[in-house]
Peer 1: 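Quick one: the structure is below, and I'll ask about it shortly.
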2 protein chains.
Amino acid sequence: MPHTYQYARAALTVDGVVFGLDAGELKILLIQRALEPFKGKWALPGGFVHVEETLDAAARRELAEETGLADVFLEQLYTFGAVKRDPRERVVSVAYYALVKLSDHAAKAATDAAKAEWFPVSRLPQLAFDHADIVALALTRLQGKVRYQPIGFELLPPKFTLSDLQHLYEVILGTELDKRNFRKKVLGFGLLVPLNETQMSGRHRPAQLFRFDADKYEKLKKRGFNFEL
Amino acid sequence: MPHTYQYARAALTVDGVVFGLDAGELKILLIQRALEPFKGKWALPGGFVHVEETLDAAARRELAEETGLADVFLEQLYTFGAVKRDPRERVVSVAYYALVKLSDHAAKAATDAAKAEWFPVSRLPQLAFDHADIVALALTRLQGKVRYQPIGFELLPPKFTLSDLQHLYEVILGTELDKRNFRKKVLGFGLLVPLNETQMSGRHRPAQLFRFDADKYEKLKKRGFNFEL
DNA sequence: TCAAAAGTGTTCTTGATACACCCATGC
DNA sequence: GCATGGGTGTATCAAGAACACTTTTGA
């Protein structure tokens with residue numbers, strides 16, 4: 001049953017920039033397009049927003065359908081509305097970015113989707129539409145946000161070492177950090193709980209494992225606490 | 001000539017939260033709705049996005065049409081997509097916020113629009129749709145952004161005193177600031193140019209007028225300079 | 001001469017930075 | 001026993017916070 005409108009309407013889509021940390025590199029999940037336009041090119045997972053679903057729901061649904069990801073950290077990024085960004089017709093896209101723990105999701109992502117692949121942000125293939133712009137903005141946002149909100153933990157497994165955490169920040173921010181200062185600061189927040197476990201990974205001293213205390217963070221946040229770097 | 005689509009599409013609108021500084025208060029420009037739904041209620045200026053115009057262009061056009069404002073600082077805020085946010089049909093709105101110098105625009109705004117009025121953010125009337133949410137988010141964004149980007153000057157006249165600037169920050173952030181520390185810091189950036197003018201305003205010592213050196217800021221920014229508080 | 005806002009420096013405290021060595025383990 | 005990353009403390013420096021009095025003007 002086709003719908004009729006007096007004026008032409010833009011189509012509405014969502015697109016997702018999915019970040020993951022893999023082998024010490026920051027990566028993004030891309031889909032190879034099966035259809036024109038840009039057939040065969042790599043693109044962000046995404047698709048049309050249904051009339052009876054919120055934008056967030058559409059973003060989550062598309063992620064699930066195209067990549068098998070569920071229960072990820074997801075946040076709206078920006079809405080892209082250049083007139084010719086899609087060669088077929090006017091399409092406005094609400095972009096999201098997501099942070100996933102590859103430990104959870106690596107397996108699923110591989111099986112479900114037709115052709116989904118992780119690419120290091122530093123070596124992306126050519127992207128369809130204006131998706132390169134979207135990725136660039138997502139990266140800037142991630143770099144900004146990671147400094148004053150503890151979202152980095154969304155990229156790590158539930159149990160991690162301080163070195164894991166430091167490398168995460170170094171990769172995202174593109175800087176080197178001093179080990180002692182980093183540890184002093186991050187432990188100073190009192191949001192990392194040392195576990196009764198260590199992690200062995202090669203012929204050297206095993207590393208203490210920690211988890212992030214999200215509950216405590218929420219409580220502190222309400223009292224005006226500020227996580228920074 | 002009506003358009004036909006296979007699936008129902010959401011309508012796309014833009015809405016603008018226009019901030020202005022008036023009589024030492026932070027205010028927002030609202031429009032009284034002439035039509036249902038929410039007839040008679042106050043709402044953000046905004047309207048439908050045309051098929052051949054960018055989102056930014058739509059936001060500027062609506063501001064001009066409904067409030068007479070042009071050439072204002074304008075930045076995308078967030079896109080609101082709750083399913084029932086408009087009782088008639090599905091409407092997704094890309095929200096913007098704008099900063100205007102009342103010195104420039106007060107006159108125009110008064111004449112052009114049917115019923116536009118400035119309301120202090122602390123005493124807003126009941127708003128149509130989910131516009132109260134949009135305003136709340138805009139305020140949060142403004143408070144965040146004003147700390148690390150020199151956008152406050154968009155709310156001041158081209159020539160201003162340091163007290164004007166300090167009061168602006170105090171009003172936006174809702175805090176009191178120490179006069180000496182504030183001046184030390186803000187002058188330390190070297191972005192305020194003292195003019196050969198003073199401003200008399202009552203029976204006390206006249207105040208030095210400054211202008212913000214936007215060119216110099218742009219150059220510094222490219223070299224990694226960081227404006228902060 | 002008084003009221004009212006403009007303008008100005010110093011001390012103290014806090015947080016950021018710089019920096020080098022010992023520890024536990026696997027091979 | 002050696003290579004590898006894990007783990008720790010202190011001294012210095014810079015920036016932020018606290019704080020009070022003099023200046024200029026109009027009435």
Side-chain angles (χ1 to χ4, degrees), chain A residues 21 23-25 146-148 150 156-157 159-171 173-212 220 224-229, chain B residues 21 23-25 146-148 150 156-157 159-171 173-212 220 224-229:
Chain A
L21 193 71
E25 272 192 310
V146 88
R147 290 164 186 264
Y148 61 92
L156 290 177
K159 300 171 182 183
F160 52 85
T161 70
L162 288 177
S163 293
D164 291 340
L165 188 60
Q166 182 177 342
H167 293 144
L168 168 67
Y169 275 86
E170 289 178 337
V171 166
L173 299 175
T175 57
E176 299 236 312
L177 300 171
D178 180 84
K179 186 166 49 159
R180 282 167 294 186
N181 293 337
F182 180 82
R183 289 159 113 88
K184 202 190 314 168
K185 186 157 187 178
V186 79
L187 288 177
F189 291 133
L191 291 171
L192 297 188
V193 183
L195 303 170
N196 288 324
E197 286 179 76
T198 53
Q199 176 175 284
M200 210 91 37
S201 64
R203 48 178 185 161
H204 54 81
R205 178 172 174 176
Q208 173 67 243
L209 283 169
F210 293 84
R211 69 174 180 86
F212 175 65
L220 284 174
F225 168 78
N226 207 23
F227 183 94
E228 195 157 325
L229 213 167
Chain B
L21 193 71
E25 272 191 309
V146 88
R147 290 164 187 264
Y148 61 94
L156 291 177
K159 301 172 182 181
F160 52 85
T161 69
L162 288 177
S163 293
D164 291 340
L165 188 60
Q166 181 177 343
H167 293 145
L168 168 66
Y169 276 85
E170 290 177 336
V171 166
L173 299 176
T175 58
E176 299 237 311
L177 300 170
D178 180 84
K179 186 164 53 159
R180 280 166 295 185
N181 293 338
F182 180 82
R183 289 157 113 91
K184 204 190 311 168
K185 185 156 193 181
V186 79
L187 289 175
F189 291 132
L191 291 171
L192 297 188
V193 184
L195 303 171
N196 288 325
E197 287 177 76
T198 53
Q199 175 175 284
M200 211 91 38
S201 64
R203 48 178 188 162
H204 56 81
R205 180 169 172 177
Q208 174 69 243
L209 283 168
F210 293 84
R211 69 174 180 84
F212 175 66
L220 285 174
F225 168 78
N226 206 23
F227 182 94
E228 195 156 324
L229 213 162

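All chains are named by letter (A, B, ...) in the order of the sequence lines, taking the proteins before the strands, and each is independently numbered beginning at 1.
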Peer 1: Can you measure from CZ (B:F210) to CG (B:L195) and round to the nearest 0.5 angstrom?
Peer 2: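 CG of B:L195 is found 8.0 Å from CZ of B:F210.
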Peer 1: Within this structure, what is the CG-to-C1' distance between B:L177 and D:dG16, rounded to whole angstrom?
Peer 2: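 B:L177 atom CG is separated from D:dG16 atom C1' by 13 Å.
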Peer 1: Tell me if the CZ atom of B:R147 is crowded by more than 12 foreign heavy atoms within 6.0 Å.
Peer 2: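 At most 12 heavy atoms, drawn from other residues, nucleotides or ligands, come within 6.0 Å of this atom.
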Peer 1: Separation of B:Y169 atom OH from D:dG16 atom C1', in whole Å?
Peer 2: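 In whole Å, D:dG16 C1' and B:Y169 OH are 17 Å from each other.
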Peer 1: Counting just side-chain N and O atoms, does A:S163 come under 4.0 Å of either OP1 or OP2 of D:dG5?
Peer 2: no
Peer 1: Would you tabulate the pairs of protein nitrogen or oxygen atoms and nucleotide nitrogen or oxygen atoms of nucleotides 8-11 of chain D closer than 3.5 angstrom?
Peer 2:
| unit_1 | atom_1 | unit_2 | atom_2 | d |
| --- | --- | --- | --- | --- |
| D:dT10 | O4 | A:K184 | NZ | 3.0 |

Peer 1: Between atom CG of A:L229 and atom NZ of A:K185, what is the distance when rounded to the nearest 0.5 Å?
Peer 2: 4.5 Å
Peer 1: Kindly list each side-chain donor-acceptor pair under 3.5 angstrom involving residues 160-167 of chain B, sequence neighbours excluded, with atom names and distances?
Peer 2:
| unit_1 | atom_1 | unit_2 | atom_2 | d |
| --- | --- | --- | --- | --- |
| B:T161 | OG1 | B:S163 | N | 3.4 |
| B:T161 | OG1 | B:D164 | N | 3.0 |
| B:T161 | OG1 | B:D164 | OD1 | 3.3 |
| B:T161 | OG1 | B:D164 | OD2 | 3.3 |
| B:D164 | OD2 | B:T161 | N | 3.0 |
| B:Q166 | NE2 | B:E170 | OE2 | 3.1 |
| B:Q166 | NE2 | B:L177 | O | 2.9 |
| B:H167 | ND1 | B:S163 | O | 3.1 |

Peer 1: Find the distance B:L209:CG to C:dA6:P and express it as a whole number of Å.
Peer 2: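 Going from CG in B:L209 over to P in C:dA6 covers 11 Å.
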Peer 1: Report the residue (B:A207 or B:R203) whose heavy-atom-nearest nucleotide on DNA chain C is the more 5′ of the two.
Peer 2: B:R203
Peer 1: Take the protein atom CE of B:M200 and the nucleotide atom P of C:dA3, then report the distance between them rounded to whole Å.
Peer 2: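 Between P of C:dA3 and CE of B:M200: 21 Å.
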Peer 1: Contact class for A:S201 vs. all strands (heavy atom < 4.0 Å): base, sugar-phosphate, or nothing?
Peer 2: nothing
Peer 1: Over how many whole Å does the gap from A:N226 atom CG to C:dG15 atom C1' extend?
Peer 2: 14 Å
Peer 1: Calculate the interatomic distance between A:F210 atom CZ and D:dG6 atom C1'; express it in whole Å.
Peer 2: 11 Å
Peer 1: Could you give the CD-to-C1' distance, from A:Q166 to D:dG5, as a whole number of Å?
Peer 2: 12 Å
Peer 1: Between B:P150 and B:F227, which heavy-atom pair has the shortest distance, and what is it?
Peer 2: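 So the two residues come closest at N-CD2, 3.7 Å.
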Peer 1: CG of B:L191 to CZ of B:R211: how many Å apart, nearest 0.5 Å?
Peer 2: 10.5 Å
Peer 1: In Å and rounded to the nearest 0.5 Å, what is the CG to CG distance from B:L168 to B:L21?
Peer 2: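 The CG atom of B:L21 is 5.5 Å from CG of B:L168, to the nearest 0.5 Å.
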Peer 1: Within this structure, what is the CZ-to-P distance between A:F182 and D:dG7, rounded to whole angstrom?
Peer 2: 13 Å
Peer 1: With a 4.0 Å cut-off on heavy atoms, is A:T161 in touch with a base, just the backbone sugar-phosphate, or nothing at all?
Peer 2: nothing
